[in-house]
Amino acid sequence: MKIHICLTGIKTIILDCNNISQYSVFLINSALMNRRDIMSAVNPDQYSYPSVFIYGHRATGKSHVVLSIMKDLELPHASVDCVECVSSGLLFHQVLSAFFGPDAAALLPRCPSLSDFVRLYKQMSSNSPATQTRYIILDRAERMRDMDFSLLPALLRLQELVNDNVTVILLSEIVWEKFRPNTGCFEPLLFHFPDYSKGKSLVQILSWDHHPSYTPELYASYINILLGVFFSVCRDLRELRHLAVLNFSKFCEPLEKGEAKESDIHKLWKNIEPHLQRAMQTVYLREVSSVQWEQQQMDEKEATTLRVLSAHAHIELPYYSKFLLIAAYLASFNPARTDRRFFLKSHGKIRKTNFLKKHEKTSNHLLGPKPFPLDRLMAIFYSVVDSRVAPTASVFSQISSLVTLQLLSQVGHDDQLDSPKYKCSVSLDFILAISRCVCVCVRLLDLLALSLVIQSQVVRQERSLFTAVSNLHLL
Amino acid sequence: MGNCSNEHRGTSFSASAASLSNPLICSSINTFFFLDKYIFSQVIQDQLNKKVLDSLAEFIKKHGLGCSSDNWRQRAREIPTAALMLGVNVPDHAMTFRSLCNLLQDSVTPFVVSVHAKECAGTFERDPVLVINLTLVCQATLTIRIIGLLQKCTQVFPQRTESLTNSDLPQSLPVVVIFKDFEAFNSQVLQDFILICSRYTQELPFIFIFGIATSPSAIQHRLPHSVSSLLCIEVFHSLSCTQHLASVFDKLILNSQFPFKLSSRVIQVLVGIFLYHDFSVQNFVKGLQFSMLEHFKSQPLSMLCCQKQEALLSAKTLSKKNVERIRHLPSFMRYVETQEPQEQVQLLTNDEHVKEVCQQLLKNLHKYHKNYYPILQCLHSLTSSLPKFPLGKHIRELHVSCIEKNLWETEEYDSALQLLRILAKDELVAALRKCAEILKSTKILQNVLQQLEDFIGRLEALEGKSETTLLEKESRRTKRMNPYEVLRSQVIEFIDSLVREYLTPAELQPLNEVCYYSSSGVLRQRLNVTPRTSIQAALSHPFYYFLKTDAGTISSAAPDLCIVYKLHLECGRLINLYDWLEAFVTVMSAAEDQDTNSEDARFIQAVSEMEFLGFIKSTKQKTDHVARLTWGGC
C-alpha cells in the first residue's frame, strides 16, 4: 500500500513537471517497480536503507530526478555539492543548517571533526525526532575520495552512528568499485542511470521543448537532423539542447521566407546541414561563444567574419625568448648525444652505422618531450643565437617567465637552485612558426631540418615532418 | 664589470651629496622632479587601452544587466567571460588591470574582485580568499544576494549572512571576478571555481575576466570541455606592446617640449632591452627615468636642460666654474674652432661673452629641436610606405640614424631616394599631402609648408597631360623627361635639401651635452645586469675591490673564498676534496708565520660558501668528491 502511495506520488511528478527528465522519471519508475525493496528508501515511516549510490554519465538526470522527487514529495533533505566542500566542515555545516536551521549549524566548533558532527546531530535529532526519513544528497560524490579517508565509510552508515532515520544518497559519474576503501565499508544500494539511447529517448526528450509557433512534428524532424550530425561526437543532453535551441532559428529560415513548406524535409535538411557542421567545429568546442554565434546568424555574414579562439594561436615573444624556446625544443626532442654533432662546428667524425642507438630510432615526437638541465639549454641557446649574448639576469628571468606562460614546464622539485630541469611543452608547429619569423641565419634552419629528419622515422609522423622540412628549405 | 660600477657609485654619491648645497644644482633637481612627474602623468593618463577597456565595460553592462529577461535555462547557466589578451609583457599588466578595476567600479558595478594566481595556490587557500573578498565588498551595500557562496562563509561571518540573504532585491548587480594571470592558475582550482559559480549564476550574476598573456587557446588547454561549456567566452584584444611603445616614444622622445634627450646609443640600449628581453613599456619608461636621473646627477650643466626661458635665465647667471665647464665641452670646443681668431680669444678669456654666446647657442638648440621633429615625421611618412622599408619601419629607427650620423651619407638614404624617384603621381601627391598635414599641425616652418603646397598644386595641375601613353613612350625613347618626371625630381631635391638642412646629427650641435644623455655603457651595466660575471670578476680579481695591485697568480693574501675559487677552476667536472685541501694548504703555507691550525676549518667554510654561491654541489657518484656546476677553466 505504501508502495502504491509512493508510486502515485511519482506519477504526480510526471504529470506536474514539464521538463526534460520526464523520461528519466519513467526510467526510475520502472526500476522501482522491479526492485520494490528500494521503495523503502522513499518510505517515510520506517527506518530506510542507510545509503544509496546512484551513478551514470553526465546529464542522465541523476540529480534532477532525485531532487524533484524530494521537492515534490516534500521530504526533508539536505543537498550538498561536494565541489563546494573544500573541507568536511563545510559539508557538516550545510547538512546541519538544512535539517535543523542555521542556529544548530552555528554550534559547530571552528574546525569540526566527524565526531563533533555526530554528537551535534544526535543532540539535535533528540530534540526534534524525525517524523520522516531525512535525506542527505551528495552530488559529485567522487570528490569525497579526496577528503578525509574516514568520512565516506562513516557517512555510509550514518544511520547507525546518529541513531536517526537518515539516508545518504551519493550521486556520482563513476562506478562504486572506484570508491570502495581498502578497509572495506558498508555496501550501499547501487543504482544505475543508463545513457539515453539515440533513437527513442533523446529524440523524445529533446522534442519536449518545441517552439510554440511550429508543429511538434517539425521540431522532431529537426531534432533527428541535429542528432544525425552531433550524435557521433556528443551525447550530453544538456549540450544537445543548447545546440538545438541555438540553431533552430536558422532551420526555420526557409519557412519564414516562404521558400519551403514544413513538409519539405529534404530541402530544410539541405539548408541546415552545412550550418550544423560548422557549428560542430565552432560553437560546440566553444571556439565561438553562443552569443557571437547568434549574432552572426542575424548578421547573415558567413564564417569569414567569425573570429575563432584558436585562430589567434600566434604569440608575440621577445627576441631572446624565441631563441630560448627553440633551444628548449631542440634540447627536449634531440638526444643529448647528438648535441655535439649539431652544435659544434668541428665535431668529431661519427660512424654512420650505429650513430643512433636502437631505442633512439623511434620518433621522439611519439615519446614526448624529455627533461633537460638548464646548462644544456643555455649551451644550445648560445650556439643557436647568431650574436654574442651576455648571460644577463634578464635572459634567465625570461626562462622563468616562459615557465609561467606554460610554454616550458619545470620538472622535479629537488635541486631547484643548482640545476633545475625543464621540459618544452609546445608543439612542432608552434616552434616552426617562431623560427620562421626569427630565422635570419641559415644554420639554425639546417639544424632544425636535420633534427627533424632524424626524428621523422616513424611513418605516421613522416608526412607532416617532411612538409615541415621542405617548408624550411623553401625559406 | 661589477667592480667598476661599485667604484663609480662611491664617488658619485659623495659628489651628489656635496652638490646638494649648491642652489643651482638644486634647481636642476627641481627640473628633474618636474620632468619625472611629466613622464608619470604622460604614461598614466595614457588612453591607449581606453578602447579595449570601454568595450569590456560595455560587454559587462550588456551581460550583467540585460540578461535577466533571457529566461532560457541553458543560456543562464553560461557565465559570460571576457578573455582579455594582453601580450607577454607581464609587468605592464598591473596598470591595465588597475584602470579596468577603476573603470568598472565607477561605471558598472561596485563588486569587482581581482585575484592573482599567487594568492590562490591550492583549493584550500583559494576559496576563502575570494569569499572573504566578496563579503568585504558586500559590506558596502546590501543590495546583493549571495546565496551559495555566503553559505560557505557563514563560519566566518554568520550574522552577516542572515541580513544579506534576506534582502531580496530583484535587480542585482553583476559580480566581476578578474583573473589577472590566467596561465599561472592551477587548473584544478579554476575548474572547481567555475563549477561552483555556475551553480549560483542564476541567483548571482557572475562575470569573469581572464587576463591571458599567450593566446586564447590557453583556455582550451587549461579547461576540459565539461567546464569550458559553462563559459560564454568573448575575446578582447588590447593594443600590442610595440604600438604602445611607439606612442610613448612619440610623447616623450620625439617631442620638442620635453627638454631631456637621449643619444642614439642610449635609445638603442633601451629599445634593445625592450625588444630582446621583456616587451615591457613600463620598464622602458623606468629606463628613461633612470637615464634622466643619471644625467642630472653626473652632468652639472644639466641645469640648462629645461624649458627655453628658464634655460636662458640660468645661462645668464652661470657661475665661473660652470663657464669653465662649458669651455671644456667637446661640442663647444668644436664651435670655438670654427670661429674667427679674434672671437676665439674672446670666447676663451671673457666669461660674460661666453654667457651671451651660450644663450644664443641654447636658442639655436631649441630651434633645432623644434624644426627637427616635424621634418623627421615628414620624412618618415614619405619613406614608411616604400617597399622593404630602407629607412626603417618605425620612426624610432629613423630617429636613431638621424641623430647618430649624417643621414644623407648612408646607403639606405640613397636607396630610399631612388625608390621615391619612381613613385607614381597619385602616390607622391598623397605622401606630400600627409607631410603638409604634419607641418600644418605644428604651425612652424611655414615657408616649407608653402613650398610643399605649391608643389602639390603644380602636380595636380599636371592632370591629363601625363596620361597619354604615346607621349611617354616617345619621351622614353628620346630620354627626355615628361613634365611629371621633371617636377618629381624637383620635389625629391626639395626633400633632400630639407633633410640636409634640418636633420643634422644632434652631436654636431654646440652644447648638445646639456640635453643629451649619452653614456650607454653605464645604462647597460645598470639595466642589463650580469650577476654571474660580476661574481666571477670579484672572485678572480678581488684586489680590484681592495684597491691593491693584482699579482696575477694565486696569492695567500686574497680571501679564502677567492683562493678556493681559483683552485677549483683548474679541476675537471668532479673535484677531489682532499686534493683541493692540499692545494689550499700549499698556497696558505707559502706565506710566512701563519697559524696552520685553522686551515682545515677555513677551507671547509670556503667550500660551503662556494656551494652557497652555486659553483659546486655534492655528488652521489663519489663520496669524497664535489661536482662543478660551471664549465671552463682559467
Side-chain angles (χ1 to χ4, degrees), chain A residues 58 81 83-87 89-90 93-94 97 102 105-106 108 110 140 143 236 238-239 241-242 245 284-292 307-321 375 379 389-398 401 404-407 415 417-419, chain B residues 72 74-75 77-78 80-81 83 85 87-88 90 123-124 127-128 148 151-152 154-155 158 161-162 181 183-184 192 195-196 199 213-221 225-226 228-229 231-235 237 240-242 273-279 528-533 614 617 629 631:
Chain A
R58 250 186 108 217
D81 194 334
V83 181
E84 286 176 27
C85 301
V86 286
S87 67
L90 291 171
H93 187 274
Q94 289 197 24
S97 68
L108 272 175
R110 206 164 178 79
R140 277 186 252 260
R143 301 286 178 133
D236 188 339
R238 219 177 280 158
E239 197 73 0
R241 280 186 80 213
H242 176 64
V245 178
Y284 172 62
L285 294 174
R286 291 305 192 274
E287 299 253 316
V288 174
S289 77
S290 42
V291 177
Q292 281 173 326
R307 297 161 79 203
V308 296
L309 278 186
S310 56
H312 315 280
H314 180 66
I315 301 177
E316 279 284 331
L317 284 174
Y319 191 68
Y320 286 147
S321 295
D375 294 345
V389 194
T392 57
S394 40
V395 170
F396 288 103
S397 74
Q398 279 178 54
S401 65
T404 21
L405 296 180
Q406 309 252 325
L407 300 174
D415 239 4
L417 281 177
D418 290 338
S419 55
Chain B
W72 177 35
Q74 172 75 24
R75 165 66 67 74
R77 278 180 66 99
E78 279 190 343
T81 304
M85 310 305 303
V88 294
V90 182
T123 326
F124 248 78
D127 284 325
Q151 272 175 8
K152 289 173 64 186
T154 37
Q155 282 170 317
T161 321
E162 287 307 294
D181 40 358
E183 278 90 353
D192 284 359
L195 281 176
I196 295 172
R199 258 174 71 97
T214 51
S215 68
S217 52
I219 298 177
Q220 288 163 342
H221 292 163
H225 182 250
S226 60
S228 66
S229 65
L231 303 175
C232 177
I233 304 164
E234 231 169 284
V235 182
H237 284 270
S240 82
C241 51
T242 41
I273 290 176
F274 176 84
L275 289 179
Y276 283 15
H277 292 297
D278 55 5
F279 272 176
N528 207 0
V529 287
T530 53
R532 215 178 101 191
T533 326
K617 69 168 187 173
L629 292 170
W631 66 91

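Only this structure's heavy atoms are used, side chains among them; waters, hydrogens and symmetry mates stay out. Each chain gets a letter, A, B and so on, in the order the sequences are listed, and its residues count up from 1. Being a predicted model, the structure only gives us computed values, none of them experimental.
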**Q** Between CG of A:Leu405 and OG1 of B:Thr214, what distance do you get to the nearest 0.5 Å?
**A**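 OG1 of B:Thr214 is found 6.0 Å from CG of A:Leu405.
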
**Q** Given side chain to side chain contact (heavy atoms under 4.5 Å, CB included), test B:Ile233 with B:Ile219 step by step and report yes or no.
**A** CA-CA 10 Å; B:Ile233 304 164; B:Ile219 298 177; 3.9 Å; yes

**Q** What part of A:Glu316 lies closer than 4.5 angstrom to a heavy atom of chain B: side chain, backbone, both or neither?
**A**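 For A:Glu316, the contact with chain B is made by backbone and side chain together.
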
**Q** Give, for atom CG of A:Leu317 and atom OG of A:Ser401, the distance between the pair rounded to the nearest 0.5 Å.
**A** 8.5 Å

**Q** Which atoms of A:Val395 come close to chain B, meaning under 4.5 Å heavy atom to heavy atom: side chain ones, backbone ones, both, or neither?
**A** both

**Q** Which one, B:His221, B:Glu183, B:His277, leads in non-hydrogen pairs under 4.5 Å with chain A?
**A** B:His277

**Q** Do the rings of B:Phe274 and B:Phe279 sit parallel, tilted or perpendicular, given the 30° and 60° boundaries?
**A** tilted

**Q** Let me know if B:Ser226 has heavy atoms under 4.5 Å from chain A in its side chain, its backbone, both or neither.
**A** both

